[in-house]
Enquirer: 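Take a look at the following structure, please.
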2 protein chains.
Amino acid sequence: MPLTEDAPPSARDRADALEEELRDRICLLDYPPGMRLAETELAEEFGISRTPLRRVLARLEAAGLLVSVHGVGTFVTDLRDEELDQIYRLRLELAQLAATLDPVPPDAALLARFRDIGARAGALTPDPACQRAFARLIMDFVLAQKALSANVPLMDFATHLYFQTARIWLHSLQASALDLTEEMTLFAREVAQVTAALEAGDLQAAALLHRAHVSLSWTRIRQRRLTDPQS
Amino acid sequence: MPLTEDAPPSARDRADALEEELRDRICLLDYPPGMRLAETELAEEFGISRTPLRRVLARLEAAGLLVSVHGVGTFVTDLRDEELDQIYRLRLELAQLAATLDPVPPDAALLARFRDIGARAGALTPDPACQRAFARLIMDFVLAQKALSANVPLMDFATHLYFQTARIWLHSLQASALDLTEEMTLFAREVAQVTAALEAGDLQAAALLHRAHVSLSWTRIRQRRLTDPQS
DNA sequence: TCGGTGAACGTTGTGTACATCATTGAAGAT
DNA sequence: ATCTTCAATGATGTACACAACGTTCACCGA
């Protein structure tokens with residue numbers, strides 16, 4: 001694995017790392033929806049030319065996170081309420097499929113990873129400055145779940161859908177449309193429940209619990225949407 | 001829509017058209033798995049430089065149809081039996097989800113499209129020269145089904161998975177691992193049954209029929225796999 | 001004052017030359 | 001004869017200059 005080796009990273013490794021970095025910045029709202037990204041500035045920041053950068057931007061555009069307009073700029077995409085609902089409906093179904101298709105019992109290392117996430121979730125404080133750490137923790141939780149099924153296309157797609165919803169959810173959180181304390185408490189509870197189910201070896205229960213919490217999260221977003229309708 | 005307008009196509013239109021063309025060539029086995037694609041030759045064929053071509057190749061690589069290796073070449077990917085099975089298992093589940101999540105009753109134009117596909121399927125002759133036309137017809141059938149659900153991410157993903165399996169299935173067909181006459185007959189029957197269900201307004205039945213035929217197709221591939229095991 | 005027009009500017013898209021990498025083949029030492 | 005070495009070759013990856021495009025704002029006319 002190139003991440004631990006001290007060998008010089010290949011072109012593919014550099015591109016993958018750059019894509020992951022930009023994706024995180026988008027999902028963690030360093031680059032909020034609608035923001036314009038200047039190719040020249042980004043290339044300068046990462047010490048590369050526009051050519052390899054544009055290759056990464058093309059992949060992010062294919063993933064639906066960016067959109068480039070000739071002569072205007074490259075913008076972070078936004079999601080209409082309808083699109084967000086479609087994605088959430090899909091995420092609910094896929095959450096259960098993960099336990100049905102090619103489930104993989106977690107090993108000791110993975111269980112430790114879930115426990116660590118739970119510990120960090122319990123240590124969160126409802127401080128606006130911790131919102132980014134909170135969002136990153138949720139991302140780690142979703143990424144850890146990828147190992148619970150050997151069905152690679154399924155888990156990749158589920159993660160892809162999460163990346164779509166993450167920034168919208170976090171945007172609602174930052175806009176105080178959601179209660180930070182409540183969200184943190186519920187997330188800590190979700191991680192604890194899912195981890196307990198995994199330790200009991202019941203992947204089906206873990207999937208149902210995750211699905212239930214995703215559904216509740218979606219419901220909270222929809223409820224807040226009625227008060228201040230957007231585009 | 002830019003396809004019917006005589007206005008000069010934008011850069012995005014050209015890239016989309018090129019990606020579609022290359023994707024079709026891969027899925028129709030003009031470029032079989034393992035084949036090397038020379039960027040210089042492709043760029044020359046389409047009358048462009050390597051720069052915009054590489055942008056399209058990057059998207060196809062993100063879609064899992066190509067893989068580029070520095071200093072060696074760009075190759076059409078192959079699927080191991082295990083990967084193919086994972087995708088088929090997933091396709092079966094998604095086929096039903098299409099009728100559950102945001103189903104859209106077909107309008108007259110879409111029904112006519114399905115009937116046309118059925119007519120062309122009935123006119124197929126078990127001639128090896130018609131294999132490509134057969135594969136294209138199946139592709140049209142899958143693409144027409146995209147309109148049966150308003151859940152864009154779901155249908156896009158289902159189509160994406162089809163593109164993965166299509167070339168492997170066609171490869172088995174060309175290797176005479178599958179019976180051409182039988183496959184044509186079964187496909188014509190599937191289209192007829194699905195169309196009848198759609199005309200009756202029963203999207204759930206249409207989805208179940210499609211799922212059943214995908215499952216049977218997968219079973220036929222697996223049965224043939226036992227006789228001559230591959231990688 | 002208001003509306004239209006066009007030139008300047010900044011952005012993404014494209015072409016081209018070069019760098020980097022992996023393979024291949026022949027030449028040389030053992 | 002066989003293994004090693006390395007130069008030649010052709011591929012993808014990168015940098016840079018320029019073209020194409022859309023916006024903006026100043027200017028001009030009514």
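Residue numbers start from 1 in every chain, and the chains themselves are labelled A, B, ... in the order their sequence lines are given, proteins ahead of strands.
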Enquirer: If you count the non-hydrogen atoms of other residues, nucleotides and ligands that lie under 6.0 Å from CD in B:Glu44, is the total more than 12?
Expert: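 12 or below, so no.
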Enquirer: Are more than 12 heavy atoms, taken from residues, nucleotides or ligands other than B:Glu45, located less than 6.0 Å from that residue's CD atom?
Expert: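 It does: B:Glu45 CD has more than 12 such atoms within range.
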Enquirer: Taking A:Ser217 for the side chain and A:His213 for the main chain, is one N or O donor matched with an acceptor at less than 3.5 Å?
Expert: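 Not confirmed, A:Ser217 side chain does not pair with A:His213 backbone.
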Enquirer: Kindly state which residues belonging to residues 42-49 of chain B come within less than 4.0 angstrom of DNA chain C, counting heavy atoms of the residue only, listed by number.
Expert: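 B:Ile48, B:Ser49 - these, ordered by number, are the residues of the stretch whose heavy atoms sit under 4.0 Å from the strand.
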Enquirer: In whole angstrom, what separates A:Leu66's CG from C:dT12's P?
Expert: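 In whole Å, C:dT12 P and A:Leu66 CG are 11 Å from each other.
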Enquirer: Whole angstrom is fine here: how far is it from CG in B:Leu53 over to C1' in D:dT14?
Expert: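 One finds 16 Å between C1' of D:dT14 and CG of B:Leu53, rounded.
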Enquirer: Can you list the residues that meet the ring-ring contact (aromatic ring centres under 6.0 Å, His included) rule with B:Phe134, with sequence neighbours excluded?
Expert: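 Expected list: B:Trp169, B:Phe187.
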Enquirer: Under 3.5 Å, is there any donor-acceptor pair linking the side chain of B:Ser10 to the base of D:dC21?
Expert: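 Such a pair does not exist between side chain and base.
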Enquirer: Rounded to whole Å, please give me the gap between CG in A:Leu18 and C1' in D:dT14.
Expert: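 About 14 Å, once rounded to whole Å.
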Enquirer: Report, as a single string ordered 5' to 3', how protein heavy atoms within less than 4.0 Å touch nucleotides 7-13 of chain D: B base, S sugar-phosphate only, - not at all.
Expert: ---BBBB
Enquirer: Counting N and O atoms only, with roles assigned by atom type, does the side chain of B:Asn151 sit under 3.5 Å from a partner on the main chain of A:Gln86, one being a donor and the other an acceptor?
Expert: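 Yes, the answer is positive, given that a donor and an acceptor are paired below the 3.5 Å cut-off.
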Enquirer: Using modelled atom types and a 3.5 Å cut-off, is there a donor and acceptor pairing between side-chain atoms of B:Thr77 and backbone atoms of B:Gly64?
Expert: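 Flag set: sc B:Thr77 to bb B:Gly64 pair under 3.5 Å.
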Enquirer: Would a distance-only check, ignoring hydrogens and angles, find a side-chain to backbone donor-acceptor pair under 3.5 Å from A:Arg14 to A:Pro9?
Expert: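 A pair under 3.5 Å: yes.
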Enquirer: Is it true that the NZ or CZ of A:Arg220 lies under 6.0 Å from the centre of A:Trp218's six-membered ring and within 45 degrees of the ring axis?
Expert: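 That pair does not qualify as a cation-pi contact.
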